[in-house]
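The structure appears below as structure tokens.
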Amino acid sequence: MDRVYHVGNATITKIPELILDSNSPEYLYPQWDPAFLLEHEHWLVPENMDQTRTHVIQSIHTWLIRTRQHTILIDTATGNDKERVWFPRLNRLNTPYLERLKAAGVTPEMVDYVILTHLHVDHVGWNTRLVDGVWEPTFPNATYVFSKAEQRHYSDPENYPEKNRVKFIIYKDSVLPVIHAGQAEIVLPDGTEFLEGVSLYPVPGHSPGQMAVGLTSNGEEALFGGDVMHHPVQVYRPEWNSVYCEDTEKARASRKWVLDYLADRHALYFSSHFAGTSAGRVTRTGNSFKWKFC
Ligand SMILES: [Zn+2]
């Protein structure tokens, strides 16, 4: 069982789905500099980079937040049975994700909000599950929250010529069914409070309408940053975009905004893809930042 974090009166638990170890650092980060490895390998290997130092280690998971009022999931990982032939590691998964959620004390019926930072393949999959050949919402009592800019972009087949049509397939099997079920709340994130203690911030770039989720309780703070960063090396090299970032300049600006927020507000950071505990703190050292898992 993963550890339970406390932020004021809220508790936060990671619900793991997969570990990925197939990306080389040069692939994930086109600006990768081998000198970075020499300086940082004492903490990178073996949890964040494999023993051969040729592959980065990443996690796909969901964060479960329990406040006094709400049971919230941040993102829903890849999902089972999804046809993802272009990415064999994610194709037709069969993981015990819902059993892991149950082991944390939560059944699908108990979830009342699902907040999606963005609508990429590894963030929306458990929105739905296959029931008698039909994709149905996995969380029958939940409101699914995502941004208008994401919804507009990924619902428009015009944005997906042949080579990129897969993103429209993801939208069809994992997002459209919750809209058709009347369970979607499509929002314009502006930093104001969305639920008590929960605020949605625009952090576009990795995807057109990505949101970060801020949590405040009893004077303590946390931030869930979506894919603003894919690996802790970006705390030290915020100018490095991942190969998946769709608008490179906006992605850099959003990453800088998140790092400033974490350092200035002493907020706990809950990442989407860091390995290990996937959570930690950012501090400022001169003009740069430092990461520590906790
Ligand atoms: Zn992701």
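Start at 1 and go down the list; that is how both ligands and their atoms are numbered. Throughout, residue positions are numbered sequentially from 1 according to the sequence presented.
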(request) State which residues pass salt bridge (charged side-chain N to carboxylate O under 4.0 Å, His left out) with D21; sequence neighbours excluded, sorted by chain then number. (result) none
(request) Going by the ring pair (Phe, Tyr, Trp, His ring centres under 6.0 Å) test, name the single residue among H61, H206, H118 that passes it with H123. (result) H118
(message) Is it the case that over 12 heavy atoms from other parts of the model lie below 6.0 angstrom from the CD atom of E158?
(response) no
(request) Could you tell me whether the side chain of Y236 reaches within less than 4.5 Å of the side chain of F289, counting heavy atoms only? (result) no
(message) Whether R152 engages the ring of Y154 as a cation-pi pair (distance to the six-membered ring centre under 6.0 angstrom, angle to the ring normal within 45°) should be assessed.
(response) no
(request) Could you check whether the rings of W63 and F270 sit parallel, tilted or perpendicular, using 30° and 60° as the cut-offs? (result) perpendicular
(request) May I ask you to list the protein N, O or S atoms found at less than 2.8 Å from the Zn ion (ligand 1)? (result) D122 OD2, H123 NE2, D227 OD2, H273 NE2
